[in-house]
Amino acid sequence: MLKDKNILLGVTGGIAAYKAPGIVSLLRKKGANVKVIMTKAACEFVTPLTFQTMSNNIVHTEMFNQLSNMDVEHISLAKWADLIIIAPASANTIAKMANGIADNMLSTVLLAARSKILVAPAMNTFMLNNVATVENLNTLRQRGVTILDTQSDVLACGDEGSGKMLEPKEIVDEIDTALTKKDLLGKRFVITSGPTVEKVDPVRYISNHSSGKMGYALANAAVKRGAEVVLISGPTSLQKPHVKKVIDIETTLDMYNAVEEEFNSCDVLIKAAAPADYRPKTYSEEKIKKDGKTDFESIELVPNPDIAKHFGNLKKNQILVGFAAESHNEIEYAKGKLKKKNLDMIVVNNIKREGAGFKSDTNIASIINAAGEVDSLEIMTKEELAEEILNRIVKLF
Ligand code: PMT
C-alpha cells in the first residue's frame, strides 16, 4: 500500500530523533518516496546528511536558503505529500501546530498541508501530561490529526512513564493503515491461524510446523482495511496483532469450539491454520516411561473434526476461505478440498517449494475460486499474499 506514496517526514528536536532514520529506511523498503524536514533542534541530535543518504533526497532545514526550480518550497512540499508524519514530535512543535504558528520550515509546511497528518509524540512524561500539551493534542485530534500512542518505559531523562516514541516499525504500520482504503469497513472476519497441539502426556505432543505468520498477516491486513477481526490462534511466538479479539487455543477441538462461538456473527471465515487431523485417544496424566511396562511404541489416534468442512456445510451468507498445504499434485488436491468442504475459495501452497508454506516470510500460492479457476501467483511476502486474498474476497461481497 505504501508503494509510490509520497511521505513527508518532519523530525523535531528530541533524543528519539535517532530512531527516525529507521522510519525512512522502512518506508523506502516498502517502495515509498520520502522527503525529510528537520527543525534546527533536530539537527543537534542527527545530521541532515543521514536523512539525505537514507531518503535519497535533499533534506529541508531552512525556510529561505533552498529555493529549487523557483518553487515556493513550503507550498510545493505540502502539495507533494500524500501523508505527513512528525516523528519525533516535540511538545514545542505540537504547541506550534495547535496554535497555527509558522516560524520554521516544518511548521510552515504543516500550516499549508492538506494531506493526512500523523504525529508521533516523544517527550518527558510530565511534559506529555502537562495540561498545555494535553489540550494541544486534543485540539489537533479535533482537527483530524492522528495522534499516535507513546510507550511507557524508563525515559532518556531517567523518569519512568509514558512519552517514549513508538518504534519505527509501529510508526510505519500506522502510516500504512492511514493510507489504506477501508474497503472492508463493517465486515466481520474470523481468521484461524497457527498450529494446534494435541498432548500425549505432560511432556509430549503432536503438532506441525505452522508458525502462524500467514494467518497473522491476514489478520493485520484485514484490520488495516477496516474489518473487525477475531483471530483464533494456535500457539505461536508472534506478536499479537491489534485485532478486536484474539482467542488463544491449543487443540483442534478448542479451535472448533472457538469458531462455533464466532461463526454466526461473521461475514468471512478464513481457515489459514494447520489444525491436527488426529489426536491421541487418551491423555496420560503422568509421563509415559520407557521402562517396558507401558506401551510407547504406538499411540492410538482418533480423528478430530474437520472444522472447515463442518462450517462449509452450515454457512449461509458467510464467505469461507480455506487453505491447502500440499507436497504434490497440489492443484488437484486443492480442487478436491474446495468441493468437499464447500469453500468459496482455496489458497494452495506446496510446502516443499523453497520460499513457500510453513515458517517462511514468503509464500508461493495458487488461488482457486468456487468455479475451479486457478490463479497461480509469483513468490511474494505473506503480507502481499494476504492483500491478494483480501482483494478477491472484496469482489465476492
Ligand atoms: O503458519 P505459517 O508458518 O505461516 O504457514 C502457513 C500454512 C502453511 C500453515 C498455511 O499457508 C496453510 O497452508 N494452512 C493450511 C494448513 C492445512 O491444515 O492444510 P490442509 O490441507 O490439511 O487443510 C485444508 C483446510 O482445512 C485448511 O483450511 C485447514 O485449516 C482446514 N482444516 C484442516 C483440518 C481440520 N481438522 N480442520 C480444518 O478446518
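In listed order, ligands and their atoms are each counted from 1. Computed from heavy atoms alone, side chains included, the values below leave out hydrogens, waters and symmetry copies.
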Does the structure place the NZ or CZ of Lys187 under 6.0 Å from the centre of the six-membered ring of Phe397, at an angle of no more than 45° from the ring's axis?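 Ring-cation test returns yes.
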Rounded to the nearest 0.5 Å, what's the gap from CG on Leu218 to CD1 on Ile191? Could you check?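 Reported to 0.5 Å precision, the distance equals 5.5 Å.
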Could you name the protein residues that come within less than 4.0 Å of ligand 1, counting only heavy atoms, and order them by chain and residue number?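 Residues Ser210, Ser211, Gly212, Lys213, Met214, Lys271, Ala272, Ala273, Ala274, Pro275, Asp277, Pro305, Asp306, Ile307, Ala308, Gly322, Phe323, Ala324, Ala325, Lys337, Lys341, Asn349, Gly357, Phe358, Lys359, Asn363, Lys382 each place a heavy atom under 4.0 Å from ligand 1, listed by chain and number.
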May I have the step-by-step check of side-chain contact (heavy atoms from CB on, under 4.5 Å) for Met345 and Ile368, ending in yes or no? CA-CA 6 Å; Met345 192 193 297; Ile368 310 177; over 6 Å; no
Taking only residues two or more places apart in sequence, or in another chain, which ones meet His209 in a side chain to side chain contact (heavy atoms under 4.5 Å, CB included)?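 Scan of His209 (side chain to side chain contact (heavy atoms under 4.5 Å, CB included), adjacent residues dropped) gives Phe358, Lys359.
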Before giving the answer on side-chain contact (heavy atoms from CB on, under 4.5 Å), spell out for Val34 and Asn57 the whole-Å C-alpha distance, their side-chain angles and the decisive distance to 0.1 Å. CA-CA 7 Å; Val34 184; Asn57 273 312; 5.7 Å; no
Given the rule in the side-chain contact (heavy atoms from CB on, under 4.5 Å) test, do Met380 and Leu377 qualify, once you have shown the distances and angles that lead to the verdict? CA-CA 8 Å; Met380 58 183 71; Leu377 305 172; 3.8 Å; yes
